[in-house]
Amino acid sequence: MSSKKQSSTLGSKGSYQMIPTPPNTPGGPTRLVHPRSIPNTPTRASLLAARVLTRDFYLAQARKHHPDLSPANDFEILMLGSYPLEDIPTSEAKLAWLRTAWQEAVEEAGSATKVLSDCAEILNRYVEPTGIKPSPGDPDLKYISLPWSKYSLRFWPGSLSAAEYCMDFVLTDTRMPVNVPAGYQFWATNDPETPWILPISEGMELKSIEKIHGIPPEKIRSGAEKFILRDGMLCYLTYKDPDSRDGGSEAVYFRVPKRPEFCGVGRENRILEAHHPTGQWANMVALAPTLTCNVSCQEELPSHRTSAILICCASSSVSRSAAHADEPPGQREFTLQLLPVLERKLRRTIPALLAHSPILAWHTIYQALAFDTALKDEGFDLPGTTAVSAEDTEKHWDGVSEVILGKKEWFEAWVEGERKSTVAMDQYFEIISAPDAWLIADEEEDADGDVRVAERELKPTNSARRVKALVEQVTDRYSPLPQYSQRTRFLIGVQLPLLESYHARISSSLDAFETLSSTLMRAVPGALGAGDGRSGDSRRLTAGVEGVQRLCKALVSAQYVANAMEVWGEDLFFLELWAEINRRANLRTKAESVPSLPNPNASEDEPLEGTIFEELVRHYQALVGRAEDMIVQCVTGEIESGLKPHLQGASAQSSPESGVDGSDDIALAQTLLAPLALVSSHLTFLRGTLPRTTTTSLYRRIASQLSTHLLQRQVLFRGRSRASVSEGKAVLAEAELWVETARAALKTERGRVEAPWRAYLQAARLLAGEGKEWDRVVEATFGTMADTEWEEVMLESVGLCELPREEVQQVLRRREDCDR
């Protein structure tokens with residue numbers, strides 16, 4: 001048997017020991033960790049550690065690779081479970097290979113009994129498999145989605161005693177495993193939070209277990225490639241994916257999942273502290289060479305990531321030097337002497353990052369700010385060091401971030417890069433250009449807990465939701481900046497232009513709608529949901545529910561962003577920023593030159609009023625009001641146009657025959673069906689799309705305008721002809737039908753729905769009056785009765801008193817039997 005397939009060693013007393021080759025998973029090896037400190041019998045702890053009997057493991061592998069064979073003894077279990085024998089096609093050939101292996105093993109061990117005894121000893125051990133691909137439903141699976149990529153990282157536990165975690169790539173959509181895509185590279189980095197988990201070499205690239213074992217990429221089975229990492233390890237992934245944004249480079253930090261302390265990570269931390277019993281100072285001295293090593297070994301790292309990694313490494317050691325105020329005074333000085341290493345590195349790296357990769361520049365700046373905050377929180381400052389005199393207690397440390405932010409050219413270049421590329425405008429144009437940008441979402445998925453209940457009813461468009469998230473992302477990026485002047489620059493240069501651009505986008509869409517609806521010209525490119533801009537029936541785009549839907553998209557988009565800005569304005573971060581802008585003269589001057597900001601106080605002594613987004617909220621609310629006006633105009637104009645055939649004589653044509661004695665049936669004019677259907681469809685759509693308060697407001701305006709139109713055209717100014725009793729009853733039936741149609745569409749009680757129609761209803765009831773009630777109303781209206789008594793008569797006889805006495809007289813005169 002070849003030595004490449006099996007090896008053996010002689011112990012100190014010449015005893016034979018068989019060392020099996022670990023079984024191979026499809027496409028690559030699987031590491032088996034044998035924890036010596038764990039006994040060979042199963043215990044509750046072993047169950048927690050996911051340990052398995054070696055026999056069961058090898059038997060499962062043997063059945064998987066050789067379903068045509070059944071192992072006859074422990075030797076065959078061990079051999080068939082260790083070797084897939086992919087180059088041996090038949091069962092007979094495999095049996096021949098087993099016989100040859102058996103003969104070689106017996107010759108080397110001295111007897112068959114010795115071989116079987118050694119195999120049994122191996123198979124009766126408990127082991128922890130590491131690297132076996134999990135099943136799709138494994139509850140321990142964890143995923144990390146990669147931005148701008150179709151791939152995700154998948155994690156599952158490995159050996160618990162060795163604190164190992166496994167990782168591979170999967171397709172985000174299907175969760176199917178794939179091998180490492182081209183252009184994707186992993187790097188190990190030190191982590192301030194877990195300094196005891198150190199990579200073998202800082203900046204060393206991490207490779208899959210298959211590549212470590214020398215398997216060529218073309219021989220790795222599809223979806224079999226995997227990595228073996230440490231619990232809690234901080235890693236760095238770089239990739240240039242063709243599906244990513246503009247095919248650009250991406251960089252992602254991620255942390256491997258961590259299990260409880262008994263996994264070994266906590267134990268290593270305690271060992272580290274045990275070796276340095278003198279406390280933080282000893283740890284500082286022990287870890288200081290790591291920082292120096294990072295500087296001398298930078299050629300091993302990609303040039304675009306050394307700054308952030310160096311800051312991470314430094315924070316794991318430097319921050320410990322100022323952990324407690326009662327530590328030796330040399331700690332603060334020692335920390336001060338280490339800081340120039342970071343500053344020199346930043347000065348060399350930032351120019352290249354600003355020119356080629358704004359996202360990496362931001363990451364470096366963010367790490368620098370986090371480092372400064374951590375060090376200050378630990379108590380580090382300049383007093384007590386050689387940087388200041390003993391009497392100077394007012395001078396404080398600016399932080400390593402000041403190396404970048406304190407240089408105006410670098411800071412302005414970074415802000416401009418953020419505005420144009422990585423964060424702001426590129427993502428903004430992607431948002432508004434997306435195919436689903438102007439679709440109204442079914443439900444609000446990301447509503448914050450502090451949003452008012454009325455605002456939760458607002459269903460925004462996808463673009464409004466994404467713009468809100470983008471603005472909040474920008475806030476997260478510049479909120480750590482230490483100087484208010486820097487925050488103001490970011491606010492004015494990056495954040496406000498986003499909100500202004502979205503405002504202009506909605507406004508231009510409303511302009512396009514007005515152009516279409518007024519001139520019936522071709523669709524203007526860029527209108528909300530206006531299609532592809534090709535010539536066609538432009539009236540179809542602005543009429544019916546489809547036209548109102550376009551206006552509702554503008555309304556909910558503007559209202560949603562306005563609501564968000566009201567919430568942001570009350571946030572402590574923006575309240576402090578607005579207070580500083582009002583307090584400092586130079587910041588007030590900058591704010592006064594920006595139309596989107598409110599006018600700051602002329603003096604810092606004046607009390608602070610309003611919020612920083614107050615002016616923009618007003619602009620967006622103006623858009624909301626404009627969209628509401630256009631919705632009312634669109635709905636009422638369409639219904640009034642549909643009423644023209646009905647009002648031009650349909651009522652007279654549909655009146656009941658005067659020869660039908662005693663009949664109360666009122667025939668409904670066919671010309672009234674289309675306007676009623678329009679009212680029902682429009683109100684149903686508004687109720688299902690807009691918040692209840694907005695729907696109620698729009699309904700009252702629409703119903704009031706329609707009621708006035710019908711009152712004037714059907715009653716007050718109906719022409720020379722005067723109405724008969726039967727015609728009056730027909731008008732009343734139609735008035736009641738309008739109210740009932742609105743009630744059915746809005747699904748609410750009649751009292752609320754009836755309010756805008758009351759004047760029209762009162763006129764219709766007056767016109768349909770007869771008998772003693774008619775005589776009483778006529779006598780009270782045209783007689784000398786006082787107004788208060790007249791109102792009581794109206795309420796008793798008609799049930800409504802909305803019209804003034806003069807208009808009631810005018811209505812009564814429209815009856816042919818009124819001689820007053």
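Quick note: numbers below take in every heavy atom, side chains included, and nothing from hydrogens, waters or symmetry partners.
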A.B. asks: Give me the atom names and distance for the closest heavy-atom approach of Leu346 to Val403.
C.D. replies: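 Answer, listing the atom of Leu346 first, then Val403: CB-CG1, 4.2 Å.
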A.B. asks: How are the rings of Tyr253 and Tyr236 set relative to one another: parallel (under 30°), tilted (30 to 60°) or perpendicular (over 60°)?
C.D. replies: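 Perpendicular, since the angle between the ring planes exceeds 60°.
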A.B. asks: Please give me the minimum heavy-atom distance between Gln621 and Ala562, naming the atom from each residue.
C.D. replies: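 Shortest heavy-atom contact: NE2-CB, 3.9 Å.
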A.B. asks: Tyr478 and ring-ring contact (aromatic ring centres under 6.0 Å, His included): which single residue from Tyr484, Phe490, Phe411 fits?
C.D. replies: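 The ring-ring contact (aromatic ring centres under 6.0 Å, His included) with Tyr478 is passed solely by Phe490 among Tyr484, Phe490, Phe411.
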A.B. asks: More than 12 non-hydrogen atoms from neighbouring residues, nucleotides or ligands closer than 6.0 Å to CG on Asp511, yes or no?
C.D. replies: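 Count over threshold, so yes.
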A.B. asks: Check whether Thr695 reaches the backbone of Pro691 with its side chain - one donor and one acceptor, N or O, closer than 3.5 Å.
C.D. replies: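 Pair found, side chain donor or acceptor close to backbone of Pro691.
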A.B. asks: After noting the C-alpha distance and the side-chain angles of Cys552 and Val548, does the key distance pass the side-chain contact (heavy atoms from CB on, under 4.5 Å) rule?
C.D. replies: CA-CA 6 Å; Cys552 286; Val548 174; 4.0 Å; yes
A.B. asks: Enter the distance from Ile144:CD1 to Phe254:CZ here, rounded to the nearest 0.5 Å.
C.D. replies: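 So the gap between those two atoms works out to 6.5 Å.
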A.B. asks: Between Leu382 and His396, is there a side-chain heavy-atom distance shorter than 4.5 Å?
C.D. replies: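 No - every pair of side-chain heavy atoms lies 4.5 Å or more apart.
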A.B. asks: Decide yes or no on side-chain contact (heavy atoms from CB on, under 4.5 Å) for Arg489 and Leu481, but give the supporting numbers first.
C.D. replies: CA-CA 11 Å; Arg489 176 68 182 90; Leu481 296 178; over 6 Å; no
A.B. asks: Using the rule side-chain contact (heavy atoms from CB on, under 4.5 Å), only one of Asn582, Thr488, Ile581, Leu496 pairs with Ile612; which is it?
C.D. replies: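 That would be Ile581.
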A.B. asks: For the atom pair CG (Leu237) and OH (Tyr239), what is the distance rounded to the nearest 0.5 Å?
C.D. replies: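 If we round to the nearest 0.5 Å, Leu237:CG and Tyr239:OH are 6.0 Å apart.
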A.B. asks: In Å, rounded to the nearest 0.5 Å, how long is the span from CG of Leu375 to CG of Leu339?
C.D. replies: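 Spacing of CG (Leu375) from CG (Leu339) equals 6.5 Å.
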A.B. asks: Could you tell me the separation between the CD1 atom of Ile365 and the CD1 atom of Ile404, rounded to the nearest 0.5 Å?
C.D. replies: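 Reported value, rounded in 0.5 Å steps: 5.0 Å.
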A.B. asks: Quick one, Arg701 with Ser697, criterion side-chain hydrogen bond (donor to acceptor under 3.5 Å, both in side chains). Give me CA distance, side-chain angles, the key distance, then yes/no.
C.D. replies: CA-CA 6 Å; Arg701 295 177 60 183; Ser697 174; 5.6 Å; no
A.B. asks: So which atom in Ser463 and which in Trp438 form the shortest heavy-atom distance, rounded to 0.1 Å?
C.D. replies: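 Minimum heavy-atom contact is OG-CZ3, 3.3 Å.
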A.B. asks: Under a 3.5 Å distance rule, please check whether Glu638 uses its side chain to pair with a backbone N or O of Gly544 as donor and acceptor.
C.D. replies: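 Looks like yes, one N/O pair under 3.5 Å.
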A.B. asks: Just do the side-chain contact (heavy atoms from CB on, under 4.5 Å) check on Thr689 and Gln549 with the steps written out, would you?
C.D. replies: CA-CA 9 Å; Thr689 304; Gln549 184 181 27; over 6 Å; no
A.B. asks: For the residue pair Asp372 and Val400, what are the closest heavy atoms and their distance?
C.D. replies: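 Heavy atoms only, the tightest pair is OD1-N, 2.9 Å.
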A.B. asks: Going by atom types only, do Ser596 and Glu615 share a side-chain donor-acceptor pair under 3.5 Å?
C.D. replies: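 The criterion, which ignores hydrogens and geometry beyond distance, is not satisfied for Glu615 and Ser596.
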A.B. asks: Passes side-chain contact (heavy atoms from CB on, under 4.5 Å), Leu470 versus Gln473? Steps please.
C.D. replies: CA-CA 5 Å; Leu470 178 59; Gln473 179 184 351; 3.9 Å; yes
A.B. asks: Between Gln495 and Val471 (side chain of the first, backbone of the second, donor and acceptor by atom type, cut-off under 3.5 Å), is there such a pair?
C.D. replies: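 At least one qualifying donor-acceptor pair exists.
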A.B. asks: Judged by atom type as modelled, is there a donor-acceptor pair below 3.5 Å linking the side chain of Tyr560 to the main-chain atoms of Lys459?
C.D. replies: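 No; judged by distance alone, with no hydrogens or angles, the pair does not exist.
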A.B. asks: Give a yes or no answer on whether the side chain of Thr684 reaches the backbone of Ser681 with a donor-acceptor pair at less than 3.5 Å.
C.D. replies: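 A pair under 3.5 Å: no.
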A.B. asks: Keeping Tyr620 on the side-chain end and Leu499 on the backbone end, is there a donor-acceptor pair under 3.5 Å?
C.D. replies: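 Indeed, once roles are kept as given, a pair shorter than 3.5 Å links the two residues.
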A.B. asks: Does a donor on one side chain sit under 3.5 Å from an acceptor on the other, for Glu472 and Trp568?
C.D. replies: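 The criterion, which ignores hydrogens and geometry beyond distance, is satisfied for Trp568 and Glu472.
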A.B. asks: Which residues pass the side chain to side chain contact (heavy atoms under 4.5 Å, CB included) test with His709, not counting sequence neighbours?
C.D. replies: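 Side chain to side chain contact (heavy atoms under 4.5 Å, CB included) check on His709 returns Glu640, Leu643, Leu647, Arg713.
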A.B. asks: Between Thr708 and Tyr760, is any side-chain donor less than 3.5 angstrom from a side-chain acceptor?
C.D. replies: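 There is no such pair between these side chains.
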A.B. asks: In the structure I gave you, are the side-chain heavy atoms of Glu628 and Leu698 within less than 4.5 Å of one another anywhere?
C.D. replies: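 Sidechains of Leu698 and Glu628: in contact.
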A.B. asks: Search all heavy atoms of Leu458 against all heavy atoms of Pro460 and return the closest pair with its distance.
C.D. replies: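 Heavy-atom minimum between the residues: O-CD, 3.3 Å.
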A.B. asks: What is the ring orientation for Tyr502 with Tyr428, classed by angle as parallel under 30°, tilted 30 to 60°, or perpendicular over 60°?
C.D. replies: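 If you compare the ring of Tyr502 with that of Tyr428, the planes turn out perpendicular.
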A.B. asks: Quick check: closest heavy atoms across Ser704 and Pro756, and the distance to 0.1 Å?
C.D. replies: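 Looking at all heavy atoms of both residues, the shortest contact is OG-CB, 3.6 Å.
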A.B. asks: Once you round to the nearest 0.5 Å, how far does CG of Leu686 lie from CD1 of Ile702?
C.D. replies: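 Taking CG in Leu686 and CD1 in Ile702, the distance rounds to 5.5 Å.
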A.B. asks: What donor-acceptor contacts under 3.5 angstrom involve side-chain atoms of residues 570-579, with partners at least two apart or in another chain?
C.D. replies:
{"from": "Asp571", "atom 1": "OD2", "to": "Phe573", "atom 2": "N", "distance (Å)": "3.0"}
{"from": "Trp578", "atom 1": "NE1", "to": "Glu609", "atom 2": "O", "distance (Å)": "3.4"}

A.B. asks: Are Glu412 and Lys408 close enough for a salt bridge, meaning some N to O gap below 4.0 Å?
C.D. replies: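 Not counted as a salt bridge, because no side-chain N and carboxylate O are separated by less than 4.0 Å.
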A.B. asks: For the residue pair Lys553 / Ser557, report whether a side-chain donor-acceptor contact shorter than 3.5 Å exists.
C.D. replies: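 No.
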A.B. asks: Answer whether the closest heavy-atom distance between the side chains of Leu405 and Trp410 falls below 4.5 Å.
C.D. replies: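 Of all side-chain heavy-atom pairs linking Trp410 with Leu405, none is under 4.5 Å.
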A.B. asks: Looking just at side-chain N and O atoms, do His619 and Glu500 make a donor-acceptor pair shorter than 3.5 Å?
C.D. replies: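 No pair is found: no donor N or O on one side chain lies under 3.5 Å from an acceptor on the other.
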A.B. asks: Between atom CG of Leu746 and atom CG of Leu683, what is the distance when rounded to the nearest 0.5 Å?
C.D. replies: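 CG of Leu683 is found 5.0 Å from CG of Leu746.
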A.B. asks: Could you tell me if Gln559 and Asn563 have a donor-acceptor pair between their side chains, going purely by distance under 3.5 Å?
C.D. replies: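 Asn563 vs Gln559: donor-acceptor pair found between side chains.
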A.B. asks: For a quick check under 3.5 Å, do Ser152 and Thr172 share a side-chain donor-acceptor pair by atom type?
C.D. replies: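 Side-chain D/A pair, Ser152 to Thr172: present.
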A.B. asks: Is it true that, when you exclude Gln633 itself, more than 12 heavy atoms of the residues, nucleotides or ligands shown sit nearer than 6.0 Å to its CD?
C.D. replies: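 Not more than 12 within 6.0 Å, no.
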A.B. asks: Looking at Arg487 and Pro482, would you say the former's side chain and the latter's main chain have a donor-acceptor pair under 3.5 Å?
C.D. replies: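 No; zero donor-acceptor contacts below 3.5 Å.
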A.B. asks: Check whether any side-chain heavy atom of Leu498 sits under 4.5 Å from a side-chain heavy atom of Val467, and report yes or no.
C.D. replies: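 In short, these two side chains do not touch, never coming nearer than 4.5 Å.
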A.B. asks: Answer yes or no: is there a donor N or O on one side and an acceptor on the other, between the side chain of Ser508 and the main chain of Ala504, under 3.5 Å?
C.D. replies: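 Between the backbone of Ala504 and the side chain of Ser508 there is a qualifying donor-acceptor contact (under 3.5 Å).
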A.B. asks: Check whether any side-chain heavy atom of Phe513 sits under 4.5 Å from a side-chain heavy atom of Met630, and report yes or no.
C.D. replies: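 Yes; the side chains approach each other to less than 4.5 Å.
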A.B. asks: Would the distance check show the side chain of Arg588 and the main-chain N or O of Arg583 forming a donor-acceptor pair, the cut-off being under 3.5 Å?
C.D. replies: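 Yes; judged by distance alone, with no hydrogens or angles, the pair exists.
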A.B. asks: Taking C-beta and beyond as the side chain, do Leu551 and Leu510 meet within less than 4.5 Å on heavy atoms?
C.D. replies: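 Yes; the side chains approach each other to less than 4.5 Å.
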A.B. asks: Check the pair Arg618 / Glu614 against salt bridge (charged side-chain N to carboxylate O under 4.0 Å, His left out), numbers first and verdict last.
C.D. replies: CA-CA 6 Å; Arg618 187 179 64 81; Glu614 188 176 65; over 6 Å; no
A.B. asks: When you look at CZ of Arg687, are more than 12 heavy atoms from neighbouring residues, nucleotides or ligands closer to it than 6.0 Å?
C.D. replies: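 Enclosed.
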